[in-house]
Amino acid sequence: MSQHATKKRKLDRSTEDYMYFDSYSDVTIHEEMIADTVRTNTYRMGIFKNSKSIEGKVVLDVGAGTGVLSLFCAQAGARKVYAVEASSIADQAVKIVKLNQMEDRIEVIKSTLETIELAEKVDVIVSEWMGYALLHESMLNSVIFARDKWLKPGGLILPSRADLYIAPINDVVVEGRLDFWSTVKGQYGVDMSCMTDFARKCIMNKDITVNPVTVEDVLSHPCKFAELDLNTVTLEQLRDVNGSFSCVCFGSSSIHAFCVWFTVTFPAEEKALVLSTSPFKAETHWKQAVLYLDDAVDVMQDTKVEGEISLYPSEENSRHICIRVDYVIGEQKKHSKSFSIPDQYLEVK
Ligand SMILES: C[S@@+](CC[C@H](N)C(=O)[O-])C[C@H]1O[C@@H](n2cnc3c(N)ncnc32)[C@H](O)[C@@H]1O
């Protein structure tokens with residue numbers, strides 16, 4: 001093995017958790033989340049629309065961060081909110097609760113959810129647990145743990161459902177980067193066109209890329225491939241969230257990648273409220289997960305794109321998501337490709 005070779009090792013659970021909670025102890029991630037007005041306003045509305053179920057009730061906020069959702073619940077009339085946060089951002093949540101004069105109703109508990117002892121069961125669980133491609137971070141496991149241990153029978157979970165979508169996309173930026181190497185000769189008199197293959201291998205690799213995808217990039221109607229009911233989903237089911245898809249292309253183009261995104265839904269008396277990370281909606285900090293094919297594939301109007309997709313935790317770090325797509329485009333034979341979130345911490349020199 002060369003001096004520069006790297007290999008991946010499996011991290012133990014406590015190292016995974018240390019790295020994970022450490023990533024939430026800095027201001028940047030909380031700034032990004034609070035500044036994401038689509039996210040934060042939809043949670044705010046989702047909580048207020050359920051105020052009849054919250055008024056005078058006990059709420060558990062799983063992963064409270066700065067305490068923003070706990071404060072929304074207190075403003076919606078909760079009698080008591082347990083704001084559980086494992087990272088050191090909990091110290092800031094204490095200050096924010098005090099600043100808003102809610103210390104009589106919100107109790108910040110600086111601990112992992114899995115190790116807390118509460119004096120009572122709760123009527124409502126609220127949590128913002130979604131990661132890239134919905135399941136990155138595996139935080140939904142903690143919400144399920146909380147539901148099974150602390151939620152009263154018939155209690156409310158906000159949000160209460162999640163849906164996953166896929167669509168083929170064209171990526172003009174990647175197209176431009178690949179074409180670039182054929183333009184070098186015209187500019188400098190040196191032919192670098194043979195770099196195109198190398199560039200394709202580097203760019204269209206096995207990393208899950210998090211990019212904002214625009215409506216114009218999307219080549220078919222979205223296809224829903226999985227839905228999770230938070231009232232019933234089990235830890236076992238989260239080990240492999242999968243489904244099939246079948247899309248029909250709008251017109252002539254090249255498919256460079258699949259794009260995956262999610263919605264979560266808040267129940268409401270009249271119309272349920274949806275927080276969407278779709279490329280057809282306003283951008284959120286989750287953007288979209290982009291999975292590049294090995295090669296671009298030309299398609300025409302009505303070309304069928306079908307397959308199966310599966311999301312599962314990485315073997316090296318159970319908080320990291322992997323995605324496998326088995327797909328057929330038009331008359332092509334079946335292809336399979338597995339993707340993972342790139343992580344410098346998993347590489348040991
Ligand atoms: C996506 S952030 C959401 C923060 C906040 N609720 C908000 O909406 O701005 C998730 C937070 O949950 C915390 N968290 C994740 N899993 C947890 C667990 N098992 N126990 C306690 N805190 C947890 C993380 O440290 C992080 O601060």
Side-chain angles (χ1 to χ4, degrees), residues 13-48 59-76 78 81-97 100 102 106-118 122 124-151 157-159 162 210 230 235 238 262 264 266 275 277 284-287 313 317-321 341:
R13 193 62 216 242
S14 57
T15 312
E16 283 175 12
D17 282 354
Y18 174 79
M19 282 162 45
Y20 176 63
F21 291 122
D22 193 47
S23 73
Y24 277 108
S25 59
D26 185 71
V27 72
T28 314
I29 178 70
H30 295 281
E31 189 180 320
E32 188 181 37
M33 290 188 292
I34 301 288
D36 180 342
T37 52
V38 175
R39 178 201 91 110
T40 308
N41 270 330
T42 312
Y43 264 84
R44 186 166 185 260
M45 277 193 286
I47 289 167
F48 288 156
V59 178
L60 172 57
D61 180 357
V62 177
T66 51
V68 63
L69 306 184
S70 296
L71 279 149
F72 291 159
C73 290
Q75 288 170 349
V81 185
Y82 294 104
V84 181
E85 173 55 51
S87 84
S88 59
I89 200 70
D91 301 335
Q92 305 308 315
V94 171
K95 290 183 195 163
I96 293 167
V97 167
N100 288 274
M102 287 289 189
I106 302 177
E107 180 180 341
V108 177
I109 304 174
K110 188 178 180 182
S111 167
T112 54
L113 180 282
E114 288 76 1
T115 52
I116 53 165
E117 282 306 327
L118 300 179
V122 304
V124 180
I125 287 178
V126 66
S127 185
E128 197 279 78
W129 51 269
M130 299 85 74
Y132 298 129
L134 185 71
L135 298 174
H136 184 56
E137 300 182 27
S138 296
M139 191 182 153
L140 181 54
N141 295 36
S142 300
V143 178
I144 293 173
F145 182 97
R147 177 196 71 195
D148 293 347
K149 185 162 183 186
W150 295 112
L151 189 64
I157 307 182
L158 296 176
V210 176
L230 267 67
L235 293 177
L238 292 187
F262 64 88
V264 294
F266 295 82
L275 167 52
T277 65
T284 71
H285 78 285
W286 288 286
K287 303 182 180 89
N317 183 334
S318 64
R319 288 198 177 272
H320 288 215
I321 191 75
I341 291 264

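As the structure lists them, so they are numbered: ligands from 1, and atoms in each ligand from 1.
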For [Y], does its backbone N or O pair with a side-chain atom of [X] as donor and acceptor, under 3.5 Å?
X      : Y      : result
Ser138 : Ser318 : yes
Tyr43  : Ser127 : yes
Asp36  : Glu32  : no
Thr277 : Phe262 : yes

[atom2] on [Y] to [atom1] on [X], rounded to 0.5 Å:
X      : Y      : atom1 : atom2 : value
Phe266 : Met45  : CZ    : CE    : 9.5 Å
Thr28  : Met33  : OG1   : CE    : 10.5 Å
Met130 : His285 : CE    : NE2   : 8.0 Å

Under 4.0 Å from a heavy atom of [X]: give me the atoms of ligand 1 that qualify, with their elements.
X      : value
His30  : 27 (O)
Thr112 : 20 (N), 21 (C)
Arg39  : 7 (C), 8 (O), 9 (O)
Ala64  : 5 (C), 6 (N)

Inset, instruction - Measure the acute angle between the ring planes of Tyr24 and Tyr20, then classify it against the limits of 30° and 60° as parallel, tilted or perpendicular. - result: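 Tyr24 and Tyr20: perpendicular rings.
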
Ligand 1 contacted by [X] (non-hydrogen, < 4.0 Å):
X      : result
Trp129 : no
Glu137 : no
Ser111 : yes
Met130 : no

Inset, instruction - Do me a favour and list the nearest non-hydrogen protein atom to atom 20 (N) of ligand 1 with residue, atom name and distance? - result: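 Of every protein heavy atom, Leu113 N, 2.8 Å lies nearest to atom 20 (N) of ligand 1.
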
Inset, instruction - Specify the protein heavy atom at minimum distance from atom 1 (C) of ligand 1: its residue, its atom name, and the distance to 0.1 Å. - result: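 Minimum-distance protein heavy atom for atom 1 (C) of ligand 1 reads Glu128 O, 3.3 Å.
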
Option nearest [atom] (shortest heavy-atom distance, choices [options]):
atom                    : options              : result
atom 21 (C) of ligand 1 : Ser25, Ala86, Ser88  : Ala86
atom 17 (C) of ligand 1 : Phe145, Phe21, Tyr20 : Phe21
atom 26 (C) of ligand 1 : Tyr24, Tyr43, Phe72  : Tyr24

Inset, instruction - For the pair Trp150 and Tyr82, evaluate ring-ring contact (aromatic ring centres under 6.0 Å, His included) and give the outcome as yes or no after the intermediate values. - result: CA-CA 11 Å; Trp150 295 112; Tyr82 294 104; 8.4 Å; no

Nitrogen or oxygen atoms of [X] and ligand 1 under 3.5 Å apart:
X      : value
Ile89  : no
Ser142 : yes
Gly63  : yes

Legend entry - Region of Val68 that comes within reach of ligand 1 [heavy atoms, distance under 4.0 Å]: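 It is the side chain that touches ligand 1; the backbone stays farther off.
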
Inset, instruction - Could you tell me whether Glu85 approaches ligand 1 through its side chain, its backbone, both or neither, with non-hydrogen atoms closer than 4.0 Å? - result: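 Looking at Glu85 and ligand 1, atoms from backbone and side chain both fall under 4.0 Å.
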
Legend entry - side chain to side chain contact (heavy atoms under 4.5 Å, CB included) partners for Ala146, two or more places apart: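 Ala146 satisfies side chain to side chain contact (heavy atoms under 4.5 Å, CB included) with Leu60, Val62, Leu113, Ile125 once adjacent residues are dropped.
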
Report, one line per pair, each donor and acceptor closer than 3.5 Å where one atom sits in a side chain of residues 65-76; sequence neighbours left out.
{"unit_1": "Ser70", "atom_1": "OG", "unit_2": "Asp61", "atom_2": "OD2", "d": "2.7"}

